[in-house]
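A short write-up of the structure that comes next.
Counting convention: from 1, in listed order, for ligands and their atoms alike.
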Amino acid sequence: MMLMTDIDALRQQRSGWARAGETVALVPTMGNLHAGHLSLVEQAKAAAQRVIVSIFVNPLQFAPGEDFDQYPRTLDADLALLEPLAPDVVFAPATDTLYPNGHPIATEVVVGQLAHQFCGEFRKGHFVGASTVVNLLLNLTTPDIAIFGQKDYQQLLIFRRMAADLHIATEIRGGATVREADGLAMSSRNQYLSADERKRAPLLHTCLCEAAQLLCDGERDFTALEAAATARLLEAGFETQFFRVLSPALTEPDAGCDEFALIAAALLGRARLIDNVQVRAGQVLPNGA
Ligand code: PAF
């Protein structure tokens with residue numbers, strides 16, 4: 001496992017693999033790794049001969065007033081967690097290395113309307129920053145496959161659309177959401193929860209699963225499902241930003257639909273929790289399709 005902070009060294013390594021005809025998978029992260037990230041690295045190892053994990057807390061994807069300064073930066077612990085999985089390269093550039101001309105940078109990647117809806121409505125500029133840095137990381141590493149967690153379902157769809165629209169020759173894959181034993185989706189931001197909030201936090205997942213089960217049982221009053229979940233979350237102290245029953249493409253479903261993506265975001269104390277559950281062929285898929 002090589003730690004690289006330099007773009008030239010990364011490009012040289014990548015060219016060597018290309019000459020040897022080896023396939024490459026990239027797992028982009030912002031560090032502070034947990035079992036969810038590690039499962040993506042395992043998936044990458046099974047899918048390609050060479051694996052790059054990037055660790056970069058991207059300032060472009062944090063709106064003013066968000067947690068960019070507080071976001072946990074734990075490179076030594078991250079490297080210790082990665083060591084047993086032995087990815088070939090951990091690319092952990094400094095901000096000035098990725099953005100030598102300063103940031104924000106002049107070039108932005110905006111993936112249509114979807115960048116401004118749902119999470120994008122509450123985190124202004126977030127998806128523009130995320131697609132811009134992922135485009136940049138894909139340019140630097142030209143991977144055959146890039147793997148992203150399905151917990152960030154909207155983000156995954158945005159990256160897929162970006163790759164399709166820009167003819168990026170990388171297959172964008174989703175990795176299953178990894179959950180704590182009580183159902184809470186793993187996230188670096190869970191550490192912002194107090195002990196009492198942590199006990200209540202799994203309710204978001206419970207509400208998504210219960211609404212998904214009702215859809216499987218034939219319920220088609222989407223507004224009623226959304227309102228009931230929002231009320232229940234409010235009672236438990238969540239400030240729900242959205243709880244939506246949508247199609248898998250995140251468009252409004254029609255009554256004849258039998259495939260759904262249920263997506264939600266809610267504030268609980270200092271933490272902003274997001275989660276989603278999928279419905280396919282009459283089955284609830286809590287960790288992604
Ligand atoms: O999902 C994340 O951690 C980030 O949005 C990503 C994909 C690493 C881009 O900074």
Q. Would you find a donor on one side and an acceptor on the other, under 3.5 Å apart, between the side chain of Arg14 and the backbone of Thr142?
A.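 Side chain of Arg14 to backbone of Thr142, a donor-acceptor pair under 3.5 Å: yes, one is there.
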With heavy atoms of [X] as the reference, note each atom of ligand 1 found under 4.0 Å away.
X	value
Gln155	1 (O), 2 (C), 4 (C), 5 (O), 7 (C)
Val133	9 (C), 10 (O)
Thr29	8 (C)

Q) Tell me: protein heavy atom nearest atom 3 (O) of ligand 1, and distance? A)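 Of the protein heavy atoms, Met30 CG, 3.7 Å lies nearest.
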Q. So which heavy atom in the protein is nearest atom 9 (C) of ligand 1, and how far is it from that ligand atom?
A.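 Minimum-distance protein heavy atom for atom 9 (C) of ligand 1 reads Gln61 OE1, 3.3 Å.
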**Q.** Carboxylate-amine/guanidinium proximity below 4.0 Å for Lys124 and Glu66
**A.**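 Not counted as a salt bridge, because no side-chain N and carboxylate O are separated by less than 4.0 Å.
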Q.
Check the orientation of Phe62 and Phe68. Use parallel for under 30°, tilted for 30 to 60°, and perpendicular for over 60°.
A.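 Ring orientation, 0 to 90° scale: perpendicular.
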Q: Check the hydrophobic clustering (I, L, V, M, F, W, Y; side-chain heavy atoms under 4.5 Å; chains of links allowed) and say if Val133 and Ile168 are grouped together.
A: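 As far as the 4.5 Å side-chain criterion goes, Ile168 and Val133 are connected within one cluster.
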Q) Do any N/O atoms on Asp152 end up under 3.5 angstrom from N/O atoms on ligand 1? A)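 No, since none of the N or O atoms of Asp152 sits under 3.5 Å from an N or O of ligand 1.
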Q: Answer yes or no for Arg173 and Phe159: cation-pi contact, defined as NZ/CZ to six-membered ring centre under 6.0 Å and angle to ring axis within 45°.
A: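 No cation-pi geometry.
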